[in-house]
Q: 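Handing you a structure now.
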There are 2 protein chains.
Amino acid sequence: MLKKERQAYILHRLNLHNKVLSTKLGADMKVSEDTVRRDLQELAQAGKLIKVHGGALSLAFNEVQFNSSTVYSQSQKAIIAQKAIGLIKEQMYVLTSGGTTIIEMAKQLPPHLKATFITGSIPVLNAYVSHPNINVIVVGDRVNKEARITVGASAIARIREVNADLCILGTNAIDLQRGITDSDWEVVELKKAMIAAAAKTVCLTIAEKLNSFEALQVCGLKQIDYLITELDPGDKLLRPYVKAGVTVL
Amino acid sequence: MLKKERQAYILHRLNLHNKVLSTKLGADMKVSEDTVRRDLQELAQAGKLIKVHGGALSLAFNEVQFNSSTVYSQSQKAIIAQKAIGLIKEQMYVLTSGGTTIIEMAKQLPPHLKATFITGSIPVLNAYVSHPNINVIVVGDRVNKEARITVGASAIARIREVNADLCILGTNAIDLQRGITDSDWEVVELKKAMIAAAAKTVCLTIAEKLNSFEALQVCGLKQIDYLITELDPGDKLLRPYVKAGVTVL
DNA sequence: ACAAAAACGGCAAAAACATGCAAAAACAAA
DNA sequence: TTTGTTTTTGCATGTTTTTGCCGTTTTTGT
């Protein structure tokens, strides 16, 4: 096997799997690991891949994984937030859960907007109260320290009394079969109540969380009216959700 | 699994769920917990996450706004806070209003203290939720933007349901004839309810506000069990209050 | 205050790496 | 073709990195 051939093969494998192992390459190409190592070294020098201990990683892998600065997916979440804000009309009553995406949305609410927001999440609350025009209603009850959200029977009872126009949920995991799922029982109960109390349910999630799931179901896909991700609505990742009857924005 | 891959996976999981556990990561990636711990250590060093006992937290979660801006009479309020904390015993239920003095108290609560605090004040709430052991109950209702406290019929109804041991009030004005007075009608209503719902009422105020009054009465002096200022209890400024039957600390 | 869980630090085995070297192969020029 | 030079490759050697293990210390929850 020629040197150029070998290196082409390495890049080929790299495109396929995003990673290669020196040992495996050596075995597959029937050359010594030293040779492979030298090849990897050259390719790394040429900027064709990223050399790591034990093998190499594709450049694409690195971009995807490490392009985030301080706040992960900040820009994606900003896009999602803007789309969600588009659904909120003047004088609406909006129920919102917690989560960084919701916080991002709260921060970006246009200053002139007059609407009423209802939440039990402390961090979201903090974002809302600095807005000049919106009304804020707090759902009271015991505070769940991990999620920093009010949970409990009273919170759920209060939410049941609400007739909101929108319920906007930050989502931990969403999946075609299982719908929205979460890991905290108390939070799940709360979200269920919020969905029941609103005319329309909006689900915010970064594309990464699509097709993942956790232990407890919040609701099925059918109960979701809008799904918002940072992707273009026509993206092929979203197609199954469109087929399932969800409006994707 | 390569080291970089592992670390990318950790960040991935972290940004998905805002927290990771060393044990779970070790099991999922089929490496020892020591390896995970070392990975977390490196990532923490690089500022990609926040290492905590048992795992790590995402940077995004850490965004809490504690504006430690110049609080008026900070040192006096710290003294008052300490005296007030002396009244709080284990397992007590404590109703608190808002105000910078109460916030100061909340920040200084000893870490081991196990008690339940009930409040409708957003800034106070923020201080409470970062305490490791106390339970926090939020009184829900509409948020009064000026006072950053929940107000309204529902809030008052919820407070009426409470049987607290202590009601600790930050005070705007106190006076021998008029007792505690305030300027915001909604806040006054709320404070009245809080006093009624607790066995003992504690009034916190800096000496400056002694012998001043505002338009609306919260309660008379007789309803106050403890008066706490930064002054020595024997100070002559406080003597009239002692005579009126208030316990001055 | 106590028991369990987690973190720390050192250790050692294994894997991966770097380096030097020599044989083999490829190449260039006579 | 022959000869000398360069490149490539595999191997031996010693070094570094990585990783799991283990005993000790720290932290945590009850």
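Labels below follow one simple rule: chain letters A, B, ... track the order of the sequence lines, proteins then strands, and each chain is numbered from 1.
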Q: How far does the helix from dA1(C)-dT30(D) to dA30(C)-dT1(D) bend, going by the axes of its first and last five pairs, to the nearest 10°?
A: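 The two end axes of the helix from dA1(C)-dT30(D) to dA30(C)-dT1(D) meet at 50°.
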Q: Tell me whether Gln45(A) at atom CD has more than 12 heavy atoms from other residues, nucleotides or ligands lying less than 6.0 Å away.
A: no
Q: In whole angstrom, what separates Leu25(A)'s CG from dA16(C)'s P?
A: 12 Å
Q: Give a yes/no on whether any side-chain N or O of Gln41(A) is located under 4.0 angstrom from OP1 or OP2 of dC17(C).
A: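 Looking at the OP1 and OP2 atoms of dC17(C), neither is under 4.0 Å from any side-chain N or O of Gln41(A).
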Q: For residues 8-18 of chain A, which residue pairs pass the salt bridge (charged side-chain N to carboxylate O under 4.0 Å, His left out) check, not counting sequence neighbours?
A: Arg13(A)-Asp28(A)
Q: So does Arg142(A) get a backbone contact from the side chain of Thr150(A), meaning a donor-acceptor N/O pair under 3.5 Å?
A: no
Q: Should we say atom NZ of Lys51(B) is surrounded by more than 12 heavy atoms from elsewhere, each under 6.0 Å from it?
A: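 Yes.
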Q: Please check if the number of heavy atoms outside Lys200(B) that lie under 6.0 Å from its NZ is greater than 12.
A: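 Counting other residues, nucleotides and ligands, NZ of Lys200(B) stays at 12 neighbours or fewer.
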Q: Counting any heavy atom closer than 4.0 Å, what does Lys114(B) reach on the DNA or RNA strands: base, sugar-phosphate only, or nothing?
A: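 Base: the residue Lys114(B), judged by heavy atoms under 4.0 Å, touches a nucleobase.
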Q: Rounded to the nearest angstrom, tell me the gap between atom NZ in Lys24(B) and atom P in dA6(C).
A: 14 Å
Q: Show the distances under 3.5 angstrom between N or O atoms of the protein and N or O atoms of nucleotides 8-13 of chain D.
A:
| residue | atom | partner | partner atom | Å |
| --- | --- | --- | --- | --- |
| dT8(D) | OP1 | Lys3(A) | NZ | 3.3 |
| dT9(D) | OP1 | Arg6(A) | NH1 | 2.7 |
| dT9(D) | OP1 | Arg6(A) | NH2 | 3.4 |
| dT9(D) | OP2 | Arg6(A) | NH2 | 3.0 |
| dG10(D) | OP2 | Ser32(A) | N | 3.3 |
| dG10(D) | OP2 | Ser32(A) | OG | 3.2 |
| dG10(D) | OP2 | Thr35(A) | OG1 | 2.3 |
| dG10(D) | N7 | Arg38(A) | NH2 | 2.8 |

Q: Specify the separation, in whole Å, of atom CG of Leu40(B) and atom C1' of dC8(C).
A: 14 Å
Q: Counting any heavy atom closer than 4.0 Å, what does Gly26(A) reach on the DNA or RNA strands: base, sugar-phosphate only, or nothing?
A: nothing
Q: Is Glu42(B) paired with Lys3(B) through a side-chain N to carboxylate O contact shorter than 4.0 Å?
A: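 Looking at Glu42(B) together with Lys3(B), the answer is yes, because their closest N to O distance falls below 4.0 Å.
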Q: Please name all residues satisfying side-chain hydrogen bond (donor to acceptor under 3.5 Å, both in side chains) with Asp225(B), sequence neighbours left out, ordered by chain then number.
A: none
Q: Could you tell me whether Val36(A) contacts a base, only the sugar-phosphate backbone, or nothing, with contacts defined as non-hydrogen atoms closer than 4.0 Å?
A: nothing
Q: Show the distances under 3.5 angstrom between N or O atoms of the protein and N or O atoms of nucleotides 24-26 of chain C.
A:
none

Q: Output yes when a side-chain donor or acceptor of Thr116(B) lies under 3.5 Å from a complementary backbone atom of Asn135(B), and no otherwise.
A: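 Side chain of Thr116(B) to backbone of Asn135(B): no pair is present.
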Q: Calculate the interatomic distance between His53(B) atom NE2 and dA7(C) atom C1'; express it in whole Å.
A: 6 Å
Q: Does NZ belonging to Lys83(B) count more than 12 external heavy atoms closer than 6.0 Å?
A: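 It does: Lys83(B) NZ has more than 12 such atoms within range.
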Q: Please report, rounded to the nearest Å, how far the C1' atom of dA1(C) is from the NE2 atom of His112(B).
A: 15 Å
Q: Could you go through residues 157-165 of chain B and list every donor-acceptor pair under 3.5 Å that involves a side-chain atom there, pairing it with any protein atom two or more places apart or in another chain?
A:
| residue | atom | partner | partner atom | Å |
| --- | --- | --- | --- | --- |
| Arg158(B) | NE | Glu161(B) | OE1 | 3.3 |
| Arg158(B) | NE | Glu161(B) | OE2 | 3.3 |
| Arg158(B) | NH1 | Ser154(B) | OG | 3.3 |
| Arg158(B) | NH2 | Glu161(B) | OE2 | 3.1 |
| Asp165(B) | OD2 | Tyr93(B) | N | 2.7 |

Q: Heavy atoms only: give me the nearest Leu57(A)-Lys4(B) pair and the separation to one decimal.
A: CD1-CB, 3.5 Å
Q: Over how many whole Å does the gap from Arg37(A) atom CZ to dA18(C) atom C1' extend?
A: 8 Å
